Amino acid sequence: MDRNAKVAVTLGDPAGVGPEVIVKALATLPEIERRDFVIVGNTEALERANRSAGTGLRFALAGSSGDDSIAVDEVDLGAALPEIGKVSPVAGDASVRYISRAVELAMSREADVIVTAPINKEAMNLAGHHFDGHTGLLAHLTGSKSSFMLLASERLNTIHVSTHISLKGAIERARTERVLATIEAGHQHFLRLGKKARIAVAGLNPHCGENGLFGTEDTEFLAPAVELAQAKGIDVVGPISADTVFARAYNGAFDLVIAQYHDQGHIPIKLVAFDTAVNVSLGLPIDRVSVDHGTAFDIAGTGKANHVNMLSAIAYARLMARSPRRQAA
């Protein structure tokens, strides 16, 4: 990442482990690199995490921070800091305010990439923000028609046709247009990172439907999407039975798997890269990377939260910051 590139890190749900994993991760970086970050949140929540984690960091309001302090873009909660480890509408509203402010920074190019700490969907909805999570909220805030969730790890990458909807809804979403758009989004992302990805499309039904015995969606919708993508010069094959395609990708046959629904893609990733896989939002006018874990209310405030995943998210954000957006030929 260029030294002057800026990473905006959102605090996540302030009652969860987000503040703790942020301070622990930033504490591992050299002081000069911390100048590349601005935390979007509340100094009070960061100081609380700083004490429980024993990281000894210094914070200052953005624009006034010194060489030895980390910049904070302070967000007014309009309420007292919520109790740690509890689901609350105050915390849910705060998490949305942090994300909204970070999107403003990214859209105005005051930040090059956003890194998000975990939010709690129940708390967010209790506060009146009815979104499926970061993915839907970010699409709404940026005026995007839709976005795509990519889970990235060292040996396995998956991008999802659908995410936080019911399994019934996911089946209905797996249509040619959406599958093709997902293939294209993954293809473009890897091109941006300097590689023409070898892509495999996972089947929806067992054994891709066994020629209609177990469903017709694979032949009726998925196969035509693959053919259309191939006609555009994309290196993609499928559909391939989901019970084998992820193992083949993990062993090096493919760079990216198109998962048809949330659990189909999440389970293999979390099996092989639970602590290191990151969540990347594609299809937006801004760049966003997130940890791939939840708020962990049960250990929030104890100093026990593992910050390895936040370090992975920061590293991937840096990779994106130094890889300019471009269109495929």
Side-chain angles (χ1 to χ4, degrees), residues 1-12 14 18-43 45-47 49-50 55 57-76 94-119 134-135 137-139 141-144 147 150 152 189 192-194 278-291 307 309-326:
M1 183 175 69
D2 293 336
R3 183 59 60 201
N4 61 350
K6 184 66 71 175
V7 180
V9 184
T10 63
L11 206 62
E20 182 179 332
V21 297
I22 290 170
V23 298
K24 283 183 173 179
L26 293 182
T28 69
L29 301 180
E31 183 179 300
I32 192 170
E33 292 189 21
R34 296 177 199 155
R35 302 174 195 173
D36 297 333
F37 294 83
V38 57
I39 302 174
V40 182
N42 301 103
T43 305
L46 287 165
E47 292 289 8
N50 209 20
T55 43
L57 296 176
R58 292 166 56 87
F59 306 100
L61 294 181
S64 63
S65 57
D67 289 345
D68 63 344
S69 60
I70 298 171
V72 180
D73 194 307
E74 190 79 19
V75 176
D76 181 12
S95 64
V96 173
R97 288 173 183 250
Y98 304 149
I99 298 162
S100 299
R101 175 57 182 157
V103 168
E104 290 176 3
L105 294 175
M107 293 289 280
S108 64
R109 300 299 181 240
E110 295 175 74
D112 298 285
V113 60
I114 296 171
V115 172
T116 57
I119 61 176
H134 274 111
T135 305
L137 176 59
L138 288 165
L141 291 172
T142 58
S144 303
S147 61
L150 168 74
H189 178 69
R192 175 183 175 180
L193 300 183
V278 298
N279 181 333
V280 185
S281 294
L282 304 184
L284 303 175
I286 62 173
D287 291 329
R288 174 259 180 172
V289 184
S290 179
V291 295
H307 62 286
N309 201 228
M310 176 57 73
L311 284 172
S312 295
I314 288 171
Y316 205 95
R318 286 173 154 173
L319 175 65
M320 294 184 72
R322 64 174 178 259
S323 303
R325 290 170 177 260
R326 66 188 181 95

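Bear in mind the structure is a predicted one, so any value in this text is a computation, not a measurement. All residue numbers refer to positions in the sequence shown, counting from 1.
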**Lys6/Asp36 ion pair, N-O < 4.0 Å** = no
**Item:** Asp76 bridged to Arg101 by N-O distance under 4.0 Å
**Value:** no
If you look at every heavy atom in [X] and [Y], which pair is closest and at what distance?
X	Y	answer
Gly41	Val72	O-CG1, 4.2 Å
Ala27	Arg34	O-NH2, 3.3 Å
Pro118	Val291	CD-CG2, 3.5 Å
Ala45	Pro14	CB-CB, 4.5 Å
Leu284	Leu138	CD1-CB, 3.8 Å
Met320	Val289	SD-CG2, 3.7 Å

Is there a side-chain contact between [X] and [Y], using heavy atoms and a 4.5 Å cut-off?
X	Y	answer
Leu11	Val75	no
Val103	Ile286	yes
Val115	Phe37	no
Ser100	Leu141	yes
His134	Ser281	no
Phe59	Val23	yes

Out of curiosity, [X] [atom1] to [Y] [atom2], how far, rounded to the nearest 0.5 Å?
X	Y	atom1	atom2	value
Glu110	Glu104	CD	CD	9.0 Å
Thr116	Ile114	OG1	CD1	8.0 Å
Glu20	Asn50	CD	CG	10.5 Å
Leu282	Ser144	CG	OG	11.5 Å
Leu137	Arg288	CG	CZ	9.5 Å
Ile119	Ile99	CD1	CD1	4.5 Å

**Asked** Can you tell me if Arg58 and Ser69 form a side-chain donor-acceptor pair at under 3.5 Å?
**Response** no
**Message:** For Leu193 and Arg322: C-alpha separation, side-chain torsions, deciding distance, then whether side-chain contact (heavy atoms from CB on, under 4.5 Å) applies.
**Reply:** CA-CA 9 Å; Leu193 300 183; Arg322 64 174 178 259; over 6 Å; no
**Request:** I would like to know whether Tyr98 and Asn42 meet side-chain hydrogen bond (donor to acceptor under 3.5 Å, both in side chains); could you show each step before the answer?
**Result:** CA-CA 9 Å; Tyr98 304 149; Asn42 301 103; 2.3 Å; yes
**Prompt:** Under the criterion side chain to side chain contact (heavy atoms under 4.5 Å, CB included), which of Val7, Thr10, Asp73, Leu26 is the partner of Ile39?
**Reply:** Leu26
**Message:** Taking side chain to side chain contact (heavy atoms under 4.5 Å, CB included) as the criterion, tell me which of Val113, Leu311, Asp287, Val280 meets it with Tyr316.
**Reply:** Val280
**Request:** Give a yes or no answer on whether the side chain of Glu74 reaches the backbone of Leu61 with a donor-acceptor pair at less than 3.5 Å.
**Result:** no
